[in-house]
Amino acid sequence: MTHPPSAVDLLVRHATLPDGRSEIDLLVQAGRIAAVGPALAAPEGVPQLDAQGFLLSPPFVDAHFHMDATLSYGLPRVNESGTLLEGIALWGELKPHLTQEAVVERALAYCDWAVARGLLAIRSHVDVCDARLLAVEALLHVKERVRPYLDLQLVAFPQDGVLRSPGALANLERALDLGVDVVGGIPHFERTMADGAESVRLLCEIAAARGLRVDMHCDETDDPLSRHVETLAFQAQRLGLHGRVNGSHLTSMHSMDNYYVSKLIPLMAEAGLSAVANPLINITIQGRHDTYPKRRGMTRVPELMAAGLTVAFGHDCVMDPWYSLGSADMLEVAQMGLHVAQMTSQAGMRACFDAVTVNPARILGLEGYGLAPGCRADFVLLQARSPAEAIRLRAARLAVVRGGRIVARGAPATVELALPGRPAGVDFTRQA
Ligand code: FE2
């Protein structure tokens with residue numbers, strides 16, 4: 001020990017880890033994980049956290065969110081139809097009335113919710129189609145404000161189309177100049193398929209020239225012929241952007257011809273693409289033109305995972321023009337993804353937990369993420385004993401730790417029963 005014990009030293013005792021190891025201790029020194037193993041010795045005076053056999057996970061990560069719109073539900077009116085297109089129109093009505101102060105206040109409130117849920121890293125798209133770049137400036141400010149407790153990564157998102165919306169390209173470049181991290185796009189919203197493809201080329205070239213990552217809203221439609229993901233894979237391959245390009249939504253893949261998909265997915269894998277499905281949003285917004293049967297709309301998650309792509313589940317929206325529900329709970333997101341994709345096998349349930357933890361961390365390129373020695377001491381203690389149980393119960397967050405500091409503490413979920421001949425308490429944890 002070369003430094004005295006401090007608030008960023010911590011010993012976690014008796015934890016179960018997502019890989020199934022139990023009775024594990026974690027020693028944190030100077031904000032980093034120093035050792036992981038059974039019955040670790042800690043220097044005197046180091047604070048301790050008894051996990052009591054519960055699941056200690058690296059924090060939740062949301063790879064797809066819209067923090068400039070969050071918590072604006074009802075402004076200036078609610079989305080009556082609940083559809084994507086009314087949501088986009090409603091956002092257009094709200095935009096002229098946005099103030100930086102209000103965007104900052106709502107984003108900070110959402111980050112409070114996130115920390116309380118053990119969600120410590122978020123990739124948020126920010127609309128750059130407003131020439132004032134008001135939301136960009138607001139979220140860059142928020143990014144700095146929350147940095148001690150939450151990693152906020154921003155995507156320059158031309159909501160109305162980088163080619164379709166006048167000035168959007170210049171605004172996007174200005175946003176990147178100001179420090180926005182990732183290049184966004186929305187090819188299926190451009191006027192033609194050709195314009196969509198052109199927007200993908202243009203935006204990938206901007207990212208390549210600036211050394212940035214790409215994350216596009218891509219093919220968020222039920223149209224099986226919306227194939228911009230093919231162009232995205234092509235441009236990633238051509239420009240050597242392997243491992244740096246993400247396709248968000250990709251809902252048209254749900255409806256595509258199976259033969260075409262059998263060619264497409266290997267091309268996506270070859271180009272090193274990753275994918276983010278947004279199950280809560282996809283299941284409510286897609287299939288709206290269907291009678292019965294109604295398509296689910298979510299992209300082909302298990303098939304993409306089987307092909308070796310990194311696939312995450314994102315929250316996308318919470319209480320905004322597109323979605324009136326949500327509370328920053330990535331276990332709710334994972335639970336919906338698990339059901340929609342029918343990922344009920346043992347491996348499937350575990351993969352759904354990875355889709356809100358390690359997979360999005362890889363997509364964001366987070367440094368020092370994980371529970372191995374040397375990683376940042378960021379983690380969440382869940383009132384569950386396995387990843388599948390955490391999803392089943394949407395488990396209570398007993399403690400959230402950032403850099404070795406406890407930043408949130410939650411009470412265990414309990415209910416008092418008053419039943420004759422039965423115990424007074426109920427315990428929902430129950431292992432197979
Ligand atoms: Fe989105």
Side-chain angles (χ1 to χ4, degrees), residues 61-73 79 82-92 94-95 107 110 114 119 122-129 135-136 139 152-162 165 168 172 175 180-190 196 199-200 203 213-222 226 228-229 232 245-254 274-286 288 297-299 301 311-326 328 330 333 336-337 355-356 360 363-364:
V61 179
D62 185 357
H64 189 109
F65 195 64
H66 293 264
M67 203 169 286
D68 50 357
T70 196
L71 306 191
S72 67
Y73 181 64
N79 182 336
T83 60
L84 172 63
L85 292 180
E86 186 177 342
I88 292 175
L90 188 46
W91 176 238
L94 176 59
K95 257 195 275 190
Y110 185 78
L119 168 57
I122 299 174
R123 173 182 279 183
S124 173
H125 296 253
V126 52
D127 190 355
V128 297
C129 286
V136 169
L139 291 193
L152 178 59
Q153 190 177 82
L154 298 177
V155 184
F157 175 46
Q159 169 78 73
D160 302 324
V162 74
S165 172
L172 179 134
V180 171
D181 308 276
V182 178
V183 179
I186 186 164
H188 59 276
F189 199 72
E190 302 291 355
S199 77
V200 172
L203 292 163
R213 290 171 187 263
V214 175
D215 190 336
M216 288 198 196
H217 284 67
C218 193
D219 303 322
E220 189 183 3
T221 158
D222 295 315
S226 186
H228 294 297
V229 62
L232 190 63
V245 177
N246 183 68
S248 279
H249 288 295
L250 306 178
T251 54
S252 71
M253 287 185 71
H254 186 93
S274 59
V276 176
N278 296 295
L280 292 163
I281 306 309
N282 301 151
I283 198 69
T284 48
I285 279 184
Q286 301 310 133
R288 285 296 182 119
M298 192 169 80
T299 196
V301 171
V311 184
F313 290 139
H315 208 319
D316 200 2
C317 301
V318 170
M319 300 192 73
D320 69 8
W322 296 274
Y323 188 62
S324 54
L325 305 169
M330 294 308 291
V333 173
M336 180 59 75
V356 292
I363 291 171
L364 267 66

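Remember, it's a predicted structure, so these values are computed and weren't measured experimentally. Numbering of ligands and ligand atoms starts at 1, following listing order.
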Tell me, please, if [X] has any N/O/S atom, main chain or side chain, under 2.8 Å from the Fe ion (ligand 1)?
X      : answer
Asp316 : yes
His66  : yes
His125 : no

Without hydrogens or angle criteria, can the side chains of His254 and Asp222 be said to hold a donor-acceptor pair below 3.5 Å?
-> no

With a 3.5 Å cut-off and no angle check, do the side chains of His188 and His217 form a donor-acceptor pair?
-> no

Just how far is it from atom CG of Leu154 to atom CG of Asp215, taken to the nearest 0.5 Å?
-> 12.0 Å

Note, Trp91 side chain near Asp320 side chain (heavy atom, < 4.5 Å) | no

